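Nothing fancy with the numbering, it's 1 onward along the sequence. Given the structure is predicted, the values throughout are model-derived calculations rather than measurements. First listed ligand is number 1; within each ligand, the first listed atom is number 1.
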Amino acid sequence: MAAMLKPLRILLSTSKCPQSRSCSRYVSRMRYVNQLKEDDSLCAEALQSSHIMLFHRLSPLLQPAERGTFTPATFSSSDVQLMLERLGHDRCLLTESVLVGCSEENQAQFCLDVGELDQAAVEDECEGNFVELRKSFFLLTAAEVPIVAKGQALLRWHQTNRFCCATGQPTHRNQAGSQRVCRSSGTVHYPTMSPVVIVLVSDGKRCLLGRQSSFPRGMYSALAGFCDMGESVEETLCREVAEEVGLEVDSISYSSSQHWPFPHSSFMLGCHASVSPAHTQLDVDHTELEDARWFSLEEITSALQMKSPPRRGDPPGVWLPPKHAIGHRLITEWMERQQSGERGE
Ligand SMILES: NC(=O)c1ccc[n+]([C@@H]2O[C@H](COP(=O)([O-])OP(=O)(O)OC[C@H]3O[C@@H](n4cnc5c(N)ncnc54)[C@H](O)[C@@H]3O)[C@@H](O)[C@H]2O)c1
Ligand SMILES: [Mg+2]
């Protein structure tokens, strides 16, 4: 590829509508994205002058940026078409791009999986590397993670929903990739996320963290569980805490939410909950959790200061989820609240 393009402007991480003058820009951007989802020819036209993020078998392409950091690589659609030609591939692959958003200048942003092409050849052309998504999470900034996660989740949804689950017939995507239609039954399929409640339980002085055997060595996180059909957030939260550690919670407050692409697009609803200091005895379900225990403010404060996970041979230390994960946010919120409580604020 001729030259590296400037990094994509990350906009989708902004969940709040910006104030005043920029508010109207936000509204027009959201309406434009919605139009692109509804209007195939408008979307096809936008694709021709869009920015495109590349993936190879669901791993995003990253390019080195300043001071040892990395950024998701984005290219103009004409550069991608030229690369496809140079690598002897049909330009039509471009139309398999999926819409992920639009820049402040109303320039559409797409993702494309070039998994049919030779990985090394694309990396060479693009002066970057395809990096597995979990690893990418440690290399990208908090602002870049959501759009890469969204792109990967949409690409995976298309790859695994090529046939209608009701009729077994092929499904056909719209140009934006926001839906797939089964033409034989007329059923419209939309990308799905599984709702998960993640909760940081506190007894007023300590917080409760657990670890699954699949977690990286030393890592503990807030308790989490998928919502069962028909449950409210509160019901899932109470059930998961009861199932996993044998406690009944007294009060619940909502914190924030996050799309989490692992393993197959969860919609994480983050909450805090409290238990009475008189009822903190844990009865851990070891089929679900390898361990769960209470952590003091001092333990949490020092664990949050760890810059990298413990390596083999290091003294056993507690490692918390990466800063882009909502589990990290819940733990940080709890720590800040405890610290301001100790200062009497
Ligand atoms: N972002 C974060 O900070 C963070 C932290 C912890 C967990 N998580 C995510 O939360 C998710 C749920 O946590 P958990 O594993 O403890 O859940 P869990 O306690 O509900 O246990 C998982 C089990 O639930 C069952 N299950 C029910 N519905 C399911 C569905 N829709 N998809 C998959 N399995 C389903 C399966 O048997 C699975 O093995 C995990 O996928 C994990 O990646 C994210
Ligand atoms: Mg769980």
Side-chain angles (χ1 to χ4, degrees), residues 13 15 58 132-138 140 142-150 152-153 156-157 160-161 165 189-202 207-247 249 252 254-273 282-293 295 300 303-304 306 309 318-335:
S13 57
S15 55
L58 301 177
E132 201 262 320
L133 191 66
R134 276 189 196 272
K135 279 195 199 147
S136 306
F137 267 41
F138 289 94
L140 299 174
E144 292 165 333
V145 161
I147 199 167
V148 174
K150 174 179 177 170
Q152 198 241 30
R156 188 193 310 107
W157 181 77
T160 53
N161 285 271
C165 51
H189 300 273
Y190 295 98
T192 50
M193 297 190 280
S194 301
V196 171
V197 177
I198 176 161
V199 55
L200 190 66
V201 178
S202 170
C207 72
L208 178 61
L209 303 179
R211 59 168 278 112
Q212 296 179 6
S213 52
S214 58
F215 280 8
R217 187 166 165 264
M219 192 180 109
Y220 280 76
S221 185
L223 304 184
F226 290 96
C227 295
D228 277 351
M229 187 64 82
E231 272 184 338
S232 65
V233 170
E234 297 85 336
E235 285 167 339
T236 304
L237 189 157
C238 293
R239 176 182 55 74
E240 283 291 335
V241 174
E243 275 177 16
E244 297 193 352
V245 293
L247 294 179
V249 303
I252 297 171
Y254 172 74
S255 161
S256 48
S257 64
Q258 174 186 58
H259 165 246
W260 189 245
F262 313 110
H264 298 290
S265 275
S266 299
F267 179 54
M268 310 290 302
L269 292 139
C271 297
H272 291 274
L282 303 180
D283 172 14
V284 179
D285 177 354
H286 289 289
T287 58
E288 298 222 21
L289 293 177
E290 187 181 87
D291 187 29
R293 58 186 173 94
F295 288 79
I300 293 296
L304 280 172
M306 276 183 68
V318 172
W319 173 246
L320 300 175
K323 57 182 183 303
H324 313 313
I326 194 167
H328 187 100
R329 192 185 310 162
L330 292 172
I331 295 165
T332 307
E333 281 173 357
W334 178 83
M335 180 189 73

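Taking only nitrogen or oxygen atoms, main chain and side chain alike, Ile198 does not reach within less than 3.5 Å of ligand 1. Ligand 1 has an N or O atom lying under 3.5 Å from an N or O atom of Phe226, backbone or side chain. Geometrically, ligand 1 and Phe215 share no nitrogen or oxygen pair separated by less than 3.5 Å. Considering backbone and side-chain N/O of Glu244, one or more are found under 3.5 Å from N/O of ligand 1.
Between the side chain of Gln258 and the main chain of Ile326, a donor-acceptor pair closer than 3.5 Å is present. Without hydrogens or angle criteria, His259 side chain to Phe267 main chain gives no donor-acceptor distance under 3.5 Å. When atom types are taken as modelled, the side chain of Arg156 and the backbone of Pro261 share a donor-acceptor pair closer than 3.5 angstrom. At least one donor-acceptor pair under 3.5 Å links the side chain of Glu231 to the backbone N or O of Asp228. A donor-acceptor distance shorter than 3.5 angstrom exists from the side chain of His324 to the backbone of Phe137, with no hydrogens or angles considered. One N or O on the side chain of Arg211 and one on the backbone of Met219 form a donor-acceptor pair closer than 3.5 Å. Checked by atom type and distance alone, the side chain of Gln152 never pairs as donor or acceptor with a backbone atom of Ala149 at under 3.5 Å.
At a threshold of 4.5 Å between non-hydrogen side-chain atoms, the residues Val197 and Glu240 do not count as touching.
Counting only heavy atoms of the protein, atom 44 (C) of ligand 1 lies nearest to Met268 CE, 3.3 Å. In terms of protein heavy atoms, atom 31 (N) of ligand 1 is closest to Ser194 OG, 3.4 Å.
Contacts between His264 and ligand 1, counted as non-hydrogen atom pairs separated by less than 4.0 Å, are absent for every part of the residue. At a 4.0 Å heavy-atom cut-off, ligand 1 touches Val196 through the side chain alone. If you look at Pro321 next to ligand 1, there are no close heavy atoms at all, none under 4.0 Å.
Under the 4.0 Å distance rule, the nearest protein heavy atom to atom 38 (C) of ligand 1 falls outside the cut-off. Checking atom 35 (C) of ligand 1 against the protein gives a heavy-atom contact under 4.0 Å. Within 4.0 Å of atom 5 (C) of ligand 1, at least one protein heavy atom is present. Proximity of atom 10 (O) of ligand 1 to the protein is indicated by at least one non-hydrogen atom lying closer than 4.0 angstrom.
Relative to atom 14 (P) of ligand 1, the option among Gln212, Arg239, Met219 with the closest non-hydrogen atom is Gln212. Here the shortest heavy-atom distance to atom 1 (N) of ligand 1, taken over Trp260, Phe262, Phe267, belongs to Trp260.
Excluding waters, the protein N/O/S atoms found under 2.8 Å from the Mg ion (ligand 2) are Ala224 O, Glu244 OE2.
Two rings, from Tyr190 and Trp157, have their centers 6.0 Å or more apart. Ring to ring, Tyr220 and Phe215 are not that close: their centroids are 6.0 angstrom or more apart.
The distance from ligand 1 to the heavy atoms of Gly225 drops below 4.0 Å at these ligand atoms: 17 (O), 18 (P), 19 (O), 20 (O).
Put simply, CG on Asp283 and CD on Glu243 are 12.5 Å apart, with the number rounded to the nearest 0.5 Å.
Looking at Val199, Leu330, Ile198 one by one, the single match for side chain to side chain contact (heavy atoms under 4.5 Å, CB included) with Ser255 turns out to be Leu330.
In terms of heavy-atom proximity, Ser265 sits nearest to Ala153 at OG-CB, 3.1 Å.
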